[in-house]
2 protein chains.
Amino acid sequence: MELAEDEHTLVVALRDAGHRLTDARRAVWTALGDGDSDAHLSVDDIVERTHAQGAGVDRATAYRALGLLEELGLVRASQLDAGAPVQWERAHPDEHFHLRCTVCGDVEHHVGTLVATVREHLDAGHGFRADTVELTVHGRCARCRDH
Amino acid sequence: MELAEDEHTLVVALRDAGHRLTDARRAVWTALGDGDSDAHLSVDDIVERTHAQGAGVDRATAYRALGLLEELGLVRASQLDAGAPVQWERAHPDEHFHLRCTVCGDVEHHVGTLVATVREHLDAGHGFRADTVELTVHGRCARCRDH
DNA sequence: CTAGTTGCAAATGTTTTGCAGTCTC
DNA sequence: GAGACTGCAAAACATTTGCAACTAG
């Protein structure tokens with residue numbers, strides 16, 4: 001049931017944009033949904049997971065699939081660390097941003113009004129129409145803050 | 001006068017941390033101060049400027065110098081576009097973030113209370129102690145918003 | 001003089017691209 | 001069947017590193 005719903009999202013988005021549903025795209029999409037949905041996966045992580053699933057996808061193909069899914073608004077890329085490989089996650093309807101703990105390395109999502117606040121603030125006060133708000137905070141999480 | 005003050009900042013920071021003042025570091029620092037101080041320069045831009053100044057610095061050396069100056073808090077790196085080369089600017093005492101116009105490509109600085117607001121919000125409401133807040137907004141600036 | 005720095009060249013790691021074969025629609 | 005898609009290998013980038021020569025303190 002969950003799987004079916006997942007696939008449905010993918011199928012519809014691809015077809016509506018005139019693209020084909022292929023094993024590779026399905027495998028990448030599935031890999032992003034595995035386990036905890038908060039996962040931030042590098043392209044290599046994703047490729048690895050597709051192999052574990054039995055439908056091994058090539059790295060180049062994974063890059064192409066992710067690029068397409070990003071265009072379609074199904075996935076989201078973030079550069080949590082400059083220089084490090086880009087990390088991918090399924091797009092979430094709520095705007096959120098990333099809290100990266102520099103001690104334990106954990107990445108949490110933070111959903112809230114903050115992004116909307118930023119957007120309004122800029123529109124009203126600055127005439128800037130925000131499309132995407134990329135907010136990453138590095139610091140120490142509640143567990144690690146006292147060392 | 002302005003140049004002398006510039007250099008002073010650099011000299012003091014380097015010496016206090018036990019590093020040497022070299023032509024290469026001075027050239028990189030100067031390159032970042034050239035022209036409009038709002039410039040966001042890639043490493044290649046910086047190298048190019050050092051050559052224009054007459055004190056040509058190697059790319060590897062520029063990377064090393066920037067890494068050091070970043071540690072000393074004199075410069076700041078930002079990844080305005082995932083995948084694109086990192087861009088550098090002199091550190092500014094005010095916390096600010098970047099507004100990137102997707103039409104004209106311009107990058108403006110926005111100084112204000114927003115970053116502090118984010119920081120407080122996370123500390124009070126979430127127990128997260130923020131060290132660095134990286135906020136980049138992509139959208140259309142006041143000039144380009146109406147196409 | 002001596003350890004910190006530099007330039008050059010080569011290595012690393014990520015992402016992109018060209019192309020012949022494959023598979024979806 | 002036609003054109004979109006894939007895998008493989010090679011290319012293109014940004015960034016880092018090893019090392020011998022150089023130089024600031």
Side-chain angles (χ1 to χ4, degrees), chain A residues 7 10-31 40-51 53-72 74-88, chain B residues 7 10-31 40-51 53-72 74-88:
Chain A
E7 282 235 354
L10 178 65
V11 172
V12 170
L14 284 173
R15 199 189 33 212
D16 286 2
H19 296 283
R20 295 180 180 173
L21 175 63
T22 64
D23 291 345
R25 287 169 184 167
R26 197 188 347 250
V28 167
W29 180 247
T30 303
H40 293 82
L41 303 177
S42 69
V43 169
D44 276 0
D45 294 335
I46 292 168
V47 168
E48 201 179 312
R49 287 196 178 191
T50 64
H51 280 94
Q53 291 167 194
V57 169
D58 188 71
R59 206 186 268 97
T61 303
Y63 275 103
R64 287 187 273 228
L66 289 164
L68 175 61
L69 297 184
E70 185 179 33
E71 263 180 41
L72 301 181
L74 293 176
V75 303
R76 172 177 160 183
S78 17
Q79 184 103 40
L80 293 175
D81 247 328
V86 166
Q87 307 211 255
W88 298 87
Chain B
E7 282 235 354
L10 178 66
V11 172
V12 170
L14 285 173
R15 198 187 35 210
D16 286 2
H19 296 282
R20 294 180 181 171
L21 174 63
T22 63
D23 290 345
R25 287 170 183 166
R26 194 185 352 245
V28 167
W29 179 246
T30 304
H40 294 81
L41 303 177
S42 69
V43 169
D44 275 359
D45 294 335
I46 293 168
V47 168
E48 200 179 312
R49 287 195 180 191
T50 63
H51 280 95
Q53 290 166 193
V57 169
D58 187 71
R59 206 186 267 97
T61 303
Y63 275 103
R64 287 187 274 230
L66 289 164
L68 175 62
L69 297 184
E70 185 178 33
E71 262 180 42
L72 301 181
L74 293 177
V75 303
R76 172 177 163 185
S78 16
Q79 185 99 42
L80 294 176
D81 247 328
V86 166
Q87 307 210 254
W88 298 87

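Convention: sequence-line order gives letters A, B, ...; per-chain numbering from 1.
At a threshold of 4.5 Å between non-hydrogen side-chain atoms, the residues A/V43 and A/V86 do not count as touching. Proximity of A/V28 to A/V75: side-chain heavy atoms (C-beta onward) are nowhere separated by under 4.5 Å. A/L10 is listed as a side-chain neighbour of A/L69, based on a closest heavy-atom distance under 4.5 Å.
Residue contacts shown for A/A60 include a base, since a base heavy atom lies under 4.0 Å away. A/R59 comes within 4.0 angstrom of a nucleotide base, judged by non-hydrogen atoms across all strands. Base engagement by A/T61 is indicated by at least one non-hydrogen atom pair under 4.0 Å involving a base atom. Among the atoms of the strands shown, only primed sugar atoms or phosphate atoms (P, OP1, OP2) are found under 4.0 Å from some heavy atom of A/G56.
For the helix from C/dC1-D/dG25 to C/dC25-D/dG1, the rotation axes defined at the first and last 5 base pairs enclose an angle of 40°, given to the nearest 10°.
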Quick one: side chains of residues 15-22 of chain B, donor-acceptor pairs under 3.5 Å with protein atoms, not counting sequence neighbours, listed by atom name and distance.
{"residue": "B/T22", "atom": "OG1", "partner": "B/R25", "partner atom": "N", "Å": "3.3"}

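Side-chain atoms of B/V57 lie closest to C/dG7 of the nucleotides C/dT16, C/dG7, C/dT6. In the set C/dT6, C/dG7, C/dT24, the nucleotide with an atom closest to the side chain of A/D23 is C/dT24. Closest to the side chain of A/P85, from the set C/dG7, C/dT15, C/dT17, is C/dT15.
Between the P atom of C/dT22 and the CG atom of A/D58 lies a distance of 15 Å, rounded to the nearest Å. Atom CD in B/Q79 sits about 10 Å away from atom P in C/dT15, given to the nearest Å. Put simply, CD1 on A/I46 is 13 Å from C1' on C/dT15, counting in whole angstrom units. Residue A/L41 contributes atom CG, which lies 16 Å from atom C1' of C/dT14 at whole-angstrom precision.
Residue-to-nucleotide proximity on DNA chain D shows that, of A/A62 and B/V43, the 5′-proximal contact is made by A/A62.
Taking every heavy atom of residues 11-21 of chain A and every atom of DNA chain D, pairs under 4.0 Å involve A/H19, A/R20, by number.
Here B/D58 pairs with nothing under the side chain to side chain donor-acceptor pair (under 3.5 Å) rule; sequence neighbours left out.
By the 6.0 Å contact criterion, CD on A/E48 is open, its count of non-hydrogen atoms from other residues, nucleotides or ligands being 12 or less. Dense packing is recorded around CD of B/E70, with more than 12 heavy atoms of other residues, nucleotides or ligands lying under 6.0 Å away.
With B/T50 contributing its side chain and B/V57 its backbone, the two residues share a donor-acceptor pair below 3.5 Å.
For DNA chain D, the span of nucleotides reached by chain B at under 4.0 Å from its heavy atoms goes, 5' to 3', from D/dA14 to D/dG25.
A distance of 8.5 Å separates CG in A/L68 from CG in A/L74, rounded to the nearest 0.5 Å. Rounded to the nearest 0.5 Å, atoms CG (B/L14) and CZ (B/R26) are 10.0 Å apart.
Checking the phosphate oxygens (OP1, OP2) of C/dT6, no side-chain nitrogen or oxygen of B/R64 falls inside 4.0 Å. Of the side-chain N and O atoms in A/Y63, one or more sit less than 4.0 angstrom from OP1 or OP2 of C/dT15.
Evaluation of the side chain to side chain donor-acceptor pair (under 3.5 Å) test over residues 76-86 of chain A, restricted to residues two or more places apart or in two chains, returns A/R76-A/H96, A/D81-A/R100.
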